[in-house]
Amino acid sequence: MKKRVVSALLCSIMLASLGMTGCGKSASDTKGEVKSIADDKEDENGKVNGVFYKEGLPIVDEGTFSFTIFCDDSTSTGEFYMLEQFEKETGVDVELEYYSYEVANEKLALALSSGDYPDMIGGWTLKASDILQYGVNQKVFVPLEDYIEEYCPNIQAVLEIPGVREEMTAPDGHIYAIPYVLDAPLVDFQISVNTKWLENLGLEMPTTTDEFYEVLKAFKEQDANGNGDPNDEIPLTFDPDNMHINYMMGWFGLSMDEYGMAMDDGELVFGANTETFKEGIKFLNKLYSEGLIDSEAFTQDSSQWAAKGAKDKFGASMMYASGDFKPYNAGEVPDWAPLPVLSSPQCDNPVWFQDSTGVSVLKNQLVVTDNASDIGAILRFWDYVYDAENSIEAVCGPMGDILSKEGDQYHKVDMTTRSEEEREKYAWANLFPQSLPKNMPLGFQLYEDPMPYSEKDVVDEEYADNLSGVIPPYWLPLDQADQMAEIQNAMKDYIEQKSAEWIAGQADIDKEWDSYCEYLNTLGLEDYLKMRQETAAQTESAAE
């Protein structure tokens, strides 16, 4: 398997001058070229277009077909064990080009604007607005529904899960991405607190913003981690890829997404121009000004954040789970617990952002571009990945080695009995690219002895009474897609920029507040909010 693993530093240096390499034809090469499944021809041997077999394995003859994928991801080894297995079993050669999330965002924008992009684009860098811009409007992304129906029984079965096809279908009636449906926690990210530090200092878990402030002060001023150095503690930090500062505005009344949207008593509203938002930013500025927030919070990357966490530097952090920086063995209870949804002097009934209802449909995780030489062959490879057992192996490890099956139950060996080399080789991050979709059966339970501790279940239970309600799914209206995508992204960037400046004390929120609100209006807030509220009403009506 050929892979391009490029360091973030090298990529940053090369960004200005290089597009994606090894990505096939440029947009100019394919101008006017319309791909259609009607052009596919099957011969008497069941081979389509002289390239791939319509059924069975291998999908292609060894060494005859490859395709490229760009995505964001991370791996400690530079290898993906199960991806290599799938290549051997299918005969397909996958050329993977991946970068850290921050670099991938920049590289993707450059590639799409230049026309030099690969056969497939995947990962967390893709947005629903990209489907509209580069699929519906520009035809760079290829409609997939006919190929899925003809060649992909496993992917087709996912589309037939109630609600999935509706969610995946763009306003023009086409499906541009491979559906990714999975069990999901109600809360995707939360602040968690280092309980060992609380215990070391004889502190209780805070329940209000004032108590949280006092706990963070104690973390800063005392030797909370017990290493003899009272000056190396970082009271509060954030996962750089998922800072979700807007979630914390819920302590003051409205918990918002990255676009400033929030649910308020069942109504979709914009919150990033409210006094609630202002009070929340002021609170975080107070923490930062007193050294209670990591001074590198807005400049570090995910690897730097994880390295600090692994050295027990954090008292509290916005995170998915502590395993992101401090792995623990099955049966162990982490030294981390979710910070309760804090009340504040401004709000006795705080809320927290609800990311899902328990099942998540991701409609923009993996697309095929018009540079792909044979869409059917590519889709057949992904249908093989979407075989349920293959996807389970991609997440949990290979059958017969790491996994065994008894009846309907999958069991995983105790990895503590394995060598360090094996533990690294079969770590989830080294099995299959994290940011690319899999088809894990809904409700799947892996049985381990001992069973691992589930931080996310604890978070969901802790936050259940304070959840904001899920923001209704939406597509931007087809006739407004470009305009609304531009407004949406501009507002997101502006809110994030000003939030960071105000929290870090680089600007004064009181002095800039009026001009900030006015600039949001200038960007098109009124039209954007109207569109979002209308689509939310349509979604609610359709559900009824």
Side-chain angles (χ1 to χ4, degrees), residues 189-240 242-252 255 277-300 304-322 324-326 334-347 350 352 455 459 462-463 466 499-506 509:
F189 289 86
Q190 76 290 326
I191 299 284
S192 289
V193 178
N194 190 325
T195 55
K196 185 173 67 175
W197 285 22
L198 291 176
E199 182 180 346
N200 287 347
L201 301 183
L203 300 172
E204 298 293 328
M205 180 71 77
T207 59
T208 70
T209 52
D210 288 342
E211 291 175 1
F212 188 46
Y213 167 73
E214 294 299 332
V215 165
L216 295 179
K217 279 190 66 178
F219 285 169
K220 180 180 186 295
E221 295 169 357
Q222 303 180 49
D223 183 19
N225 59 15
N227 67 351
D229 183 357
N231 299 310
D232 67 345
E233 286 80 4
I234 297 171
L236 175 62
T237 189
F238 311 92
D239 174 351
N242 300 281
M243 297 189 73
H244 294 302
I245 286 170
N246 288 359
Y247 285 13
M248 290 181 280
M249 304 302 108
W251 299 339
F252 304 88
S255 189
F277 179 81
K278 188 177 182 181
E279 288 297 329
I281 294 295
K282 283 187 171 183
F283 175 74
L284 294 176
N285 168 250
K286 175 184 178 181
L287 300 185
Y288 191 96
S289 67
E290 297 187 26
L292 305 183
I293 292 178
D294 189 351
S295 62
E296 298 177 322
F298 298 105
T299 58
Q300 65 188 345
Q304 292 169 317
W305 171 78
K308 293 176 185 176
K311 295 177 181 178
D312 198 24
K313 300 289 187 181
F314 300 153
S317 181
M318 180 73 75
M319 63 172 73
Y320 182 82
S322 63
D324 289 347
F325 56 77
K326 189 177 181 182
D335 295 320
W336 290 86
L339 178 71
V341 182
L342 304 177
S343 60
S344 67
Q346 294 82 10
C347 181
W352 195 261
E455 290 187 66
V459 175
E462 175 76 32
Y463 282 32
N466 298 94
S499 297
E501 290 177 1
W502 291 331
I503 292 169
Q506 296 171 352
I509 191 171

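Throughout, residue positions are numbered sequentially from 1 according to the sequence presented.
Of all heavy-atom pairs spanning Pro235 and Leu216, the tightest one is O-CD2, 3.5 Å. Of all the heavy atoms in Met249 and Leu284, the pair that sits closest is CE-CD1, 4.0 Å. Between Phe238 and Ile245, the closest heavy-atom pair is CE2-CG1, 4.4 Å. Considering all non-hydrogen atoms of both residues, Gln190 and Tyr320 come closest at NE2-O, 3.3 Å. Closest approach of Pro338 to Met205, counting heavy atoms only: O-CE, 3.9 Å. In this structure, Tyr463 and Leu339 approach most closely via the heavy-atom pair OH-O, 2.5 Å.
Within the structure, salt bridge (charged side-chain N to carboxylate O under 4.0 Å, His left out) pairs that include any residue of residues 209-238 comprise Asp232-Lys313 (at least two apart or interchain).
Phe277 pairs by the ring-ring contact (aromatic ring centres under 6.0 Å, His included) definition with nothing, not counting sequence neighbours. Under the rule for a side chain to side chain donor-acceptor pair (under 3.5 Å), Ser343 has no partner lying at least two apart in sequence or in another chain. Shown here are the ring-ring contact (aromatic ring centres under 6.0 Å, His included) partners of Phe298, two or more places apart in sequence or in another chain: there are none. The salt bridge (charged side-chain N to carboxylate O under 4.0 Å, His left out) check on Asp239 picks up nothing, with sequence neighbours excluded. Residues forming a salt bridge (charged side-chain N to carboxylate O under 4.0 Å, His left out) with Glu462 (at least two apart in sequence, or on another chain): none. Scored by the side chain to side chain donor-acceptor pair (under 3.5 Å) test, Glu290 finds Tyr213 as partners (sequence neighbours excluded). Residues forming a salt bridge (charged side-chain N to carboxylate O under 4.0 Å, His left out) with Lys286 (at least two apart in sequence, or on another chain): none. For Lys278, the side chain to side chain donor-acceptor pair (under 3.5 Å) partners are Asp510, not counting sequence neighbours. For Thr209, the side chain to side chain donor-acceptor pair (under 3.5 Å) criterion is met by no residue, not counting sequence neighbours. Not counting sequence neighbours, the partners of Ala218 by the side chain to side chain contact (heavy atoms under 4.5 Å, CB included) test are Leu201, Leu203, Gln222. Taking Glu296 as the reference, Lys308 meet the salt bridge (charged side-chain N to carboxylate O under 4.0 Å, His left out) condition, with sequence neighbours excluded.
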For Asp312 and Asn227, run side-chain hydrogen bond (donor to acceptor under 3.5 Å, both in side chains): C-alpha distance rounded to whole Å, both residues' side-chain angles, the deciding distance at 0.1 Å, then the answer.
-> CA-CA 10 Å; Asp312 198 24; Asn227 67 351; over 6 Å; no
Full working for side-chain contact (heavy atoms from CB on, under 4.5 Å) between Asn225 and Trp197 = CA-CA 6 Å; Asn225 59 15; Trp197 285 22; 3.4 Å; yes
Please lay out, stage by stage, how Trp305 and Met319 fare under the test side-chain contact (heavy atoms from CB on, under 4.5 Å).
-> CA-CA 11 Å; Trp305 171 78; Met319 63 172 73; 4.3 Å; yes
List the steps, then state whether side-chain contact (heavy atoms from CB on, under 4.5 Å) holds for Ile191 with Leu236.
-> CA-CA 9 Å; Ile191 299 284; Leu236 175 62; 4.0 Å; yes
Start with the C-alpha gap between Gln300 and Asp294, add the side-chain angles, then the distance that decides, and say whether side-chain contact (heavy atoms from CB on, under 4.5 Å) holds.
-> CA-CA 10 Å; Gln300 65 188 345; Asp294 189 351; 3.4 Å; yes
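Here the side chain of Thr237 pairs no donor or acceptor atom with the backbone of Ser317 at under 3.5 angstrom. Formation of a donor-acceptor pair under 3.5 Å by the Trp352 side chain with backbone atoms of Pro340 is not found in this model. Checking side-chain atoms of Asn285 against main-chain N and O of Trp502 turns up a donor-acceptor pair under 3.5 Å. Between the Ser344 side chain and the Trp251 main chain, a donor and an acceptor come within less than 3.5 Å of each other. Within the 3.5 Å criterion, the main-chain N or O of Pro350 finds a donor-acceptor partner in the side chain of Asn466. Judged by distance alone, the side chain of Asp335 and the main-chain N or O of Thr195 form no donor-acceptor pair under 3.5 Å.
Atom CD of Glu204 has 12 or fewer neighbouring heavy atoms from other residues, nucleotides or ligands inside a 6.0 Å radius.
To the nearest 0.5 Å, the span separating CE on Met318 from OG on Ser192 amounts to 9.5 Å. To the nearest 0.5 Å, the span separating CZ on Phe189 from NE2 on His244 amounts to 5.0 Å. The distance from the SG atom of Cys347 to the CD atom of Glu279 is 11.5 Å, given to the nearest 0.5 Å. Considering CG of Leu287 and CZ of Phe283, their distance stands at 4.5 Å, rounded to 0.5 Å.
Aromatic ring centres of Phe325 and Trp336 lie closer together than 6.0 Å.
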